[in-house]
Amino acid sequence: MNTKRKATMTNDIVKQASIDAFKKLNPMTMAKNPVMFVVEIGFIVTLILTLAPSLFGPGEGAGYNGIVSIILFITILFANFAEALAEGRGKAQADSLKKTKQDTKAKLLQKDGSYKSVSSTDLRKGDIVLVEANELIPSDGEIIEGVSAIDESAITGESAPVIKESGGDFSSVTGGTKVISDAIKIKITTDPGESFLDRMIGLVEGAKRQKTPNEIALNTLLVSLTLIFLIVCATLLPISSYVDAAVPIATLIALLVCLIPTTIGGLLSAIGIAGMDRVTQFNVIAMSGKAVEAAGDINTIILDKTGTITHGNRMAADFVAVGGTSKTELNRVAMETSLFDETPEGRSVIELARKQGAAEEKRDGSEGVEFKAETRMSGTDFATGRKVRKGAVDAIKEYVKDQGGTIPSDLDDQTTMIATEGGTPLAVADGNRILGLIYLKDTVKPGMRERFDELRKMGIKTVMCTGDNPLTAATIAREAGVDDFIAEAKPEDKIAVIKKEQAEGKLVAMTGDGTNDAPALAQADVGLAMNSGTIAAKEAANMVDLDSDPTKIIEVVAIGKQLLMTRGALTTFSIANDIAKYFAIIPAMFMLAIPQMQALNIMQLDSPQSAILSALIFNAIIIPLLIPLAMKGVKYIPMSATKLLNRNLFIYGFGGVVAPFVGIKIIDMILSVF
Ligand SMILES: Nc1ncnc2c1ncn2[C@@H]1O[C@H](COP(=O)(O)OP(=O)(O)OP(=O)(O)O)[C@@H](O)[C@H]1O
Ligand SMILES: [K+]
Ligand SMILES: [Mg+2]
């Protein structure tokens with residue numbers, strides 16, 4: 001478990017929240033929360049009745065009205081405090097992030113090839129800067145030249161440096177992190193104020209917090225309930241006058257506030273904010289509350305293989321010649337295919353070929369053919385018209401056949417050998433001849449199997465989706481323990497898989513790191529990008545894991561479920577509570593005028609007035625009592641959804657009915673002493 005970004009409830013946060021609770025009394029702010037807004041209006045009316053008790057005809061005295069007014073005021077403060085407290089934790093995290101954000105000097109590349117020192121705030125998209133050892137990276141960007149160890153602890157809290165290099169899926173760098181070895185050239189990818197750090201600060205500060213569809217739906221329900229009870233209470237006035245048991249206005253307001261769902265109304269936004277906050281504490285940045293909620297309902301998770309399930313530093317480990325080709329020729333051509341290949345795979349091929357005696361030479365007029373996820377090939381076109389390629393075996397076979405070439409008989413056997421060991425075979429072709437294979441090695445990250453078992457227990461299906469061949473995919477899938485896999489997938493295939501699941505009514509999460517994963521990350525309901533991945537992936541996703549641990553999706557799912565459960569549990573509790581309060585107050589209201597109502601005073605409360613005040617006090621203090629639960633969330637135990645629902649309905653529904661009877665009775669006993 002990750003505790004690096006754990007925010008604690010410091011005195012400062014509590015103090016600030018207490019101040020903010022008063023600031024939020026502003027009716028303009030309160031109006032956004034209709035339930036509590038009704039309480040505020042009730043407070044104002046009872047306050048007026050305290051100053052002018054007989055404004056609306058005879059009623060209770062100023063003293064009683066004053067007490068009701070004070071309790072209502074405290075109720076609002078409690079609700080505001082809950083929200084402010086949840087926001088305060090985010091602000092504290094944002095402050096620590098802001099410390100990371102500092103203006104630095106940057107070496108900006110000029111047209112004439114020289115460098116000019118500028119402030120990091122002057123950098124724009126497309127600028128190219130040079131960053132050397134011990135310098136801070138001035139803004140987000142993509143490495144276009146060089147390899148370097150980078151200290152990202154300012155963002156991730158992880159002290160071990162990470163290797164970043166041009167080409168491939170490990171080329172993105174974040175402003176505010178530090179280069180600790182070598183020099184790199186970076187192409188800036190964001191304009192000022194839009195960097196990853198800026199976005200993170202905005203998110204944790206709650207600046208961009210929008211109500212989720214679920215929250216809006218629940219809010220509508222709460223407003224409807226409030227309206228119904230408003231009508232009920234308003235009609236009580238003429239009815240009570242008719243039976244000669246006129247109910248004082250302050251009592252009617254107290255009844256109304258007890259009946260409307262103030263508990264959930266007061267805690268609703270705190271629950272949402274706290275849910276996003278818990279995700280942040282796991283070093284995952286969620287772009288919206290909606291994404292966190294969606295995570296709670298996920299049925300299927302799609303993961304890419306390289307860099308997600310495996311470490312992703314695919315390195316050339318061996319050359320295997322086929323069809324009688326000499327090892328020397330294969331070495332030479334393998335080298336030639338990678339002369340312009342800036343990916344880690346390409347560079348590792350050059351290194352291995354050089355180690356085995358091949359000479360590296362770039363001939364005049366030759367041109368590189370960049371690796372693309374669509375073609376799954378890379379290579380070199382020489383001025384003489386000769387073309388050399390390396391790539392996924394099926395892609396190269398296709399390429400050679402198109403040119404009328406034949407496939408060496410031992411190619412498939414050798415391919416199978418590499419693939420069954422979990423390696424990635426790349427075929428090497430010179431024109432229409434296949435010369436042999438490059439054995440790319442990669443290893444599964446530790447602990448994968450246990451993590452996937454956990455997902456299975458939650459009822460979630462895992463599917464590995466890779467551009468690699470089916471045999472390699474099968475080996476890695478078996479080793480990692482995923483439920484299913486799809487091999488030789490192009491970017492559009494990854495989207496198709498997600499769309500298919502979504503068409504079956506399932507919610508799909510996708511984790512990935514590559515540019516080729518970006519479209520799928522955007523299509524998924526929850527897209528979790530690795531922080532180590534490319535900018536495109538991070539921009540398409542709605543969550544970024546700063547620790548680049550794909551199995552973190554498990555925590556995110558658990559937090560999402562917890563958020564949905566907490567909201568459901570507290571809504572159930574709140575409404576059950578209100579019903580119970582109804583039975584405590586109604587007899588008290590009519591007791592004086594209609595003695596027969598005494599029979600309904602099942603709770604044997606002291607006096608009608610103390611019954612009403614006890615209910616109102618209970619209604620207020622239940623809010624702060626439930627703040628810890630709202631913030632921490634209801635405990636999530638992996639079990640079936642129906643079982644979980646029944647369990648929660650029992651605890652919070654039954655508990656919600658019983659609690660007020662006990663609470664009100666205790667408060668009534670305390671009040672009767674005075
Ligand atoms: N530099 C390269 N030159 C030629 N072919 C490559 C290169 N890198 C990868 N390939 C081939 O292309 C295939 C697809 O690679 P890519 O990196 O797109 O896979 P991917 O879909 O991202 O895999 P994963 O989903 O496992 O991360 C690889 O399996 C490999 O066969
Ligand atoms: K209430
Ligand atoms: Mg990939």
Side-chain angles (χ1 to χ4, degrees), residues 35-36 38-39 75 79 167-169 222 225-226 229 254-266 302-310 312 314 316 334 337-338 340-349 368-379 389-396 415 418-419 423-429 437-438 440 442 464-470 472-473 476-477 485-491 493-494 510-518 520 530 533-534 537 550 573-582 585 615-616 618-620 622-623 656 660:
V35 180
M36 294 316 291
V38 168
V39 182
T75 311
D169 293 348
L222 299 185
L225 280 175
T226 305
F229 287 125
L255 174 68
L256 173 65
V257 171
C258 283
L259 291 183
I260 62 176
T262 47
T263 314
I264 185 65
I302 315 278
L303 307 102
D304 84 328
K305 173 178 76 72
T306 315
T308 300
I309 291 177
T310 65
R314 275 192 297 217
T337 61
S338 304
F340 297 89
D341 185 2
E342 275 300 321
T343 66
E345 286 87 351
R347 275 196 302 271
S348 77
V349 170
V369 177
E370 215 180 299
F371 168 71
K372 282 207 187 71
E374 284 76 18
T375 59
R376 291 182 293 138
M377 280 196 286
S378 60
R389 294 285 185 276
K390 69 168 184 298
V393 178
D394 64 313
I396 292 286
T415 304
I418 295 173
T424 298
L426 289 190
V428 178
L437 295 163
I438 301 169
L440 293 178
D442 198 357
M464 182 181 91
C465 200
T466 175
D468 227 326
N469 71 80
T472 308
I476 300 287
F485 70 89
I486 292 162
E488 283 166 0
K490 292 188 184 150
D493 298 328
K494 295 194 186 190
M510 152 101 197
T511 66
D513 66 336
T515 301
N516 61 338
D517 299 323
M530 305 294 102
T534 60
F573 186 86
S574 179
I575 292 173
N577 244 261
D578 296 340
I579 295 168
K581 273 175 260 168
Y582 182 78
I585 291 194
L616 202 55
F618 177 83
N619 188 61
I622 197 72
I623 297 176

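This is a predicted model, so every value here is computed, not measured. Excluded from the calculations below are hydrogen atoms, water molecules and symmetry mates; all remaining heavy atoms, backbone and side chain alike, are included. Counting convention: from 1, in listed order, for ligands and their atoms alike.
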Open item on the list: For K490 and D493: C-alpha separation, side-chain torsions, deciding distance, then whether salt bridge (Lys or Arg N to Asp or Glu O under 4.0 Å) applies.
Closed with: CA-CA 5 Å; K490 292 188 184 150; D493 298 328; over 6 Å; no
Open item on the list: Please give me the minimum heavy-atom distance between C465 and I302, naming the atom from each residue.
Closed with: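 That would be CB-CG2, 3.7 Å.
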- [ ] Compare every heavy atom of K581 with every heavy atom of C258, then report the nearest pair and how far apart it is.
- [x]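 Taking every non-hydrogen atom into account, O-NZ, 3.6 Å.
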TODO: Could you point out which residue of D517, D513, T515 forms a side-chain hydrogen bond (donor to acceptor under 3.5 Å, both in side chains) with T534?
DONE: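 Checked D517, D513, T515 against T534; only one passes side-chain hydrogen bond (donor to acceptor under 3.5 Å, both in side chains): T515.
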When only distance counts, is [X] in polar contact with ligand 1, meaning an N/O pair under 3.5 Å?
{"X": "T424", "result": "no"}
{"X": "G467", "result": "yes"}
{"X": "T306", "result": "yes"}
{"X": "D341", "result": "yes"}

Strictly under 3.4 Å, is any N, O or S atom of [X] next to the K ion (ligand 2)?
{"X": "V257", "value": "yes"}
{"X": "T262", "value": "yes"}
{"X": "S574", "value": "no"}
{"X": "I260", "value": "yes"}

For [X], take its heavy atoms, then give the atoms of ligand 1 lying under 4.0 Å from any of them.
{"X": "G391", "value": "4 (C), 5 (N)"}
{"X": "N516", "value": "18 (O), 20 (P), 21 (O), 22 (O)"}
{"X": "A373", "value": "18 (O)"}
{"X": "D468", "value": "29 (O)"}
{"X": "K305", "value": "24 (P), 25 (O), 26 (O), 27 (O)"}
{"X": "T466", "value": "21 (O), 23 (O), 24 (P), 25 (O), 26 (O)"}
{"X": "R376", "value": "5 (N), 12 (O), 13 (C), 14 (C)"}

- [ ] Report the C-alpha distance between T263 and N577 in whole Å, list the side-chain angles of each, state the deciding distance to 0.1 Å, and finish with yes or no for side-chain hydrogen bond (donor to acceptor under 3.5 Å, both in side chains).
- [x] CA-CA 9 Å; T263 314; N577 244 261; 5.1 Å; no
Open item on the list: With a cutoff of 4.0 Å, is K490 in contact with ligand 1, counting heavy atoms of the residue only?
Closed with: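 Not so, K490 does not reach ligand 1.
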Task: Sub-4.0 Å heavy-atom contact, K494 with ligand 1 - done: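 Yes.
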Task: From CZ (F573) to CD1 (I622), nearest 0.5 Å - done: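 So the gap between those two atoms works out to 4.0 Å.
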Open item on the list: Between D442 and K305, does any NZ, NE, NH1 or NH2 come within less than 4.0 Å of an OD or OE carboxylate oxygen?
Closed with: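 A salt bridge is absent here (no side-chain N lies under 4.0 Å from a carboxylate O).
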Just let me know how [X] lines up against ligand 1, side chain, backbone, both or neither, with a heavy-atom cut-off below 4.0 Å.
{"X": "C465", "value": "backbone"}
{"X": "L426", "value": "side chain"}
{"X": "K372", "value": "neither"}
{"X": "K390", "value": "both"}

Task: Considering only N, O or S atoms of D578, the one closest to the K ion (ligand 2) - done: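 The atom in question is OD1.
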TODO: Under the side-chain hydrogen bond (donor to acceptor under 3.5 Å, both in side chains) rule, collect the residues that match up with S574, sequence neighbours excluded.
DONE: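 Per chain and number, S574 pairs via side-chain hydrogen bond (donor to acceptor under 3.5 Å, both in side chains) with no residue.
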- [ ] Could you verify whether a donor N or O on one side chain and an acceptor N or O on the other, from T415 and N469, lie under 3.5 Å apart?
- [x]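 Checked: T415/N469 side chains show no N/O donor-acceptor pair below 3.5 Å.
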Donor-acceptor pair, [X] side chain versus [Y] backbone, under 3.5 Å?
{"X": "S338", "Y": "D341", "value": "no"}
{"X": "T472", "Y": "G423", "value": "yes"}
{"X": "R389", "Y": "I396", "value": "no"}

Open item on the list: Set out, in order, the CA-CA distance, both residues' side-chain angles and the distance that settles salt bridge (Lys or Arg N to Asp or Glu O under 4.0 Å) for D468 and R314, then state yes or no.
Closed with: CA-CA 12 Å; D468 227 326; R314 275 192 297 217; 3.8 Å; yes
